Amino acid sequence: MSSAIWVSRRALLRVGGTIAIGTAWPFGSTLKAAPDTIEKRFTAGPGRVALAGADYPETAVWCYNGKVPGPEIRLRQGQRVRVVVENRLSEDTTIHWHGLRVPNAMDGAPYVTQPPIQPGRSFTYEFTVPDAGTYWYHPHAHSAEQVGRGLMGAFIVEEREPLPVDRDVVWVLGDFRLKQDASIAGGFDNPMEMSMAGRIGNTVTINGSVPDRFKVRSGERIRLRLISAAPARIYGLEFRGHRPLVVSFDGQPLEPHAPEGGRVVLGPAMRVDLVVDMNGKPGSTAPVIDSFYEGLAYKLVDIAYTNETPVRTSALSAPAQLPRNTMPEPDLANADRHDVTLTGGMMSGMGMGGGMGGMMGGGSMWAINGVAVMHDDMRHMKPILTLMRGKSYILAIDNRTAWYHPIHLHGHSFRVITRNGKPTRYREWRDTVLMPPRERAEIAFVADNPGDWMFHCHILDHQEGGMMSVIRIA
Ligand code: C2O
Ligand code: CU
């Protein structure tokens with residue numbers, strides 16, 4: 001077994017104060033037609049949930065409104081949402097709306113866009129959602145532990161014309177490190193793990209509990225929205241016996257296509273929307289296998305067909321492409337180019353292999369363009385780049401480390417235009433790009449959302465271990 005993941009194989013197999021009001025949306029006026037506002041009250045605090053399933057004691061967690069994942073937010077493109085967040089944790093928190101292009105003041109970045117919400121205080125987030133798609137929310141203070149203990153939730157924005165499917169299903173994929181009594185293991189912010197793959201758990205959950213079976217009816221077409229809320233684990237899902245089609249990455253539509261290599265890969269914070277035709281026979285089952293880490297494959301869940309007669313007998317035609325969202329197209333011919341270099345971590349060995357190596361000076365383990373911010377402490381952060389509002393940019397990201405990094409930019413979606421110097425096939429829009437060890441990628445976007453935006457690795461131990469920076473759009 002690979003040394004960096006020390007979780008037992010058996011465990012894997014077992015799884016089977018301040019009030020601010022949102023500012024007006026700065027772009028265009030076309031979305032102002034839907035005046036209705038959805039209102040939510042969230043309480044972040046301790047709770048108890050059956051993460052490991054009915055055979056185990058309940059797990060003490062940190063969560064929103066007593067649930068893991070927190071309440072799903074679901075609204076229609078162009079609607080407005082107001083979320084009053086009360087902090088009943090014993091430490092500061094915020095909520096970040098991952099992937100949503102919100103005004104800067106609503107982004108939930110502590111010290112950068114708002115003071116952190118102190119224990120006993122609340123904060124009101126309010127914004128209009130410009131784009132349809134699958135997003136999520138999570139705290140952005142002491143992130144590794146707060147997400148690692150259960151603070152996360154789905155944020156779904158429906159298209160004005162939804163995709164014709166029989167069912168729209170959301171899977172929030174969690175990953176927890178549990179002890180034998182199903183309590184969450186301590187030891188967050190372990191420097192050794194921080195400098196390697198991050199804290200990978202031993203208990204993978206779907207919508208807050210270890211899944212057993214996913215019940216489907218023969219013949220139905222399902223839109224399956226996968227959201228990785230894992231702090232560090234990377235998933236590579238194989239839907240045995242099925243032919244899922246990828247219809248969007250990180251909420252952004254692209255040409256429907258079969259997953260590369262037959263596997264749906266999700267790094268931390270990434271989302272993939274699939275359209276799956278349930279073409280199995282009534283009463284049959286088929287497994288979903290996570291085979292991302294070599295030698296550590298496990299069954300995530302069984303797709304279990306009911307005995308009902310099939311919904312339909314002849315297959316539907318291929319799903320139509322979803323309508324594109326509202327991001328402006330970057331002007332590549334006139335884009336300014338900047339290099340972004342990722343460094344640090346244990347240096348010898350590749351991928352999941354361990355090995356000893358030097359850590360960087362100054363107490364940080366990771367850096368972006370030589371800059372490192374430890375433990376989400378953004379108080380003294382200077383931007384690594386200042387971009388001009390409205391201009392197109394290409395960031396050439398170079399992963400000089402031996403580890404995977406899902407790199408996330410707040411407030412924007414970007415196109416991934418090249419990988420290792422070669423044009424990408426789909427030029428997909430994303431908000432988080434998974435960078436394999438020693439690889440390069442170019443991303444392009446229009447810097448159209450003014451403010452200071454976090455730009456960081458979404459393996460939360462790397463984020464807290466220095467792989468965190470800010471990009472200013474002035
Ligand atoms: Cu999911 Cu900095 O965010
Ligand atoms: Cu990383």
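This is a predicted model, so every value here is computed, not measured. Order of appearance sets the numbers: ligands from 1, and atoms from 1 within every ligand.
- Take a cut-off of 2.8 Å around the Cu ion (ligand 2): the protein N, O or S atoms inside it are His405 ND1, Cys457 SG, His462 ND1.
- The minimum heavy-atom distance linking Ala52 with Val210 is given by the pair CA-CG2, 3.8 Å.
- Between Arg225 and Glu72 there is no salt bridge, since no side-chain nitrogen of the basic residue lies less than 4.0 Å from a carboxylate oxygen of the acidic one.
- Around atom 1 (Cu) of ligand 1, the protein contributes the following N, O or S atoms at distances under 2.8 Å: His98 ND1, His138 NE2, His458 NE2.
- Looking at every heavy atom in both residues, Trp136 comes nearest to Ala229 through CZ3-CB, 3.7 Å.
- Using modelled atom types, one finds no donor on one side chain facing an acceptor on the other under 3.5 Å when comparing His456 with His405.
- Just one of Asp273, Leu274, Val247 meets the side-chain contact (heavy atoms from CB on, under 4.5 Å) condition when paired with Pro256; it is Val247.
- The minimum heavy-atom distance between Asp448 and Arg389, with the atom names listed, is O-NE, 4.1 Å.
- At distances below 3.5 Å, at least one donor-acceptor pair connects side-chain atoms of Asn207 with backbone N or O atoms of Val170.
- Nearest heavy-atom pair, Pro259 versus Pro244, reported as atom, atom and distance to 0.1 Å: CD-O, 3.3 Å.
- Smallest separation of non-hydrogen atoms from Asp175 and Thr205: N-OG1, 4.4 Å.
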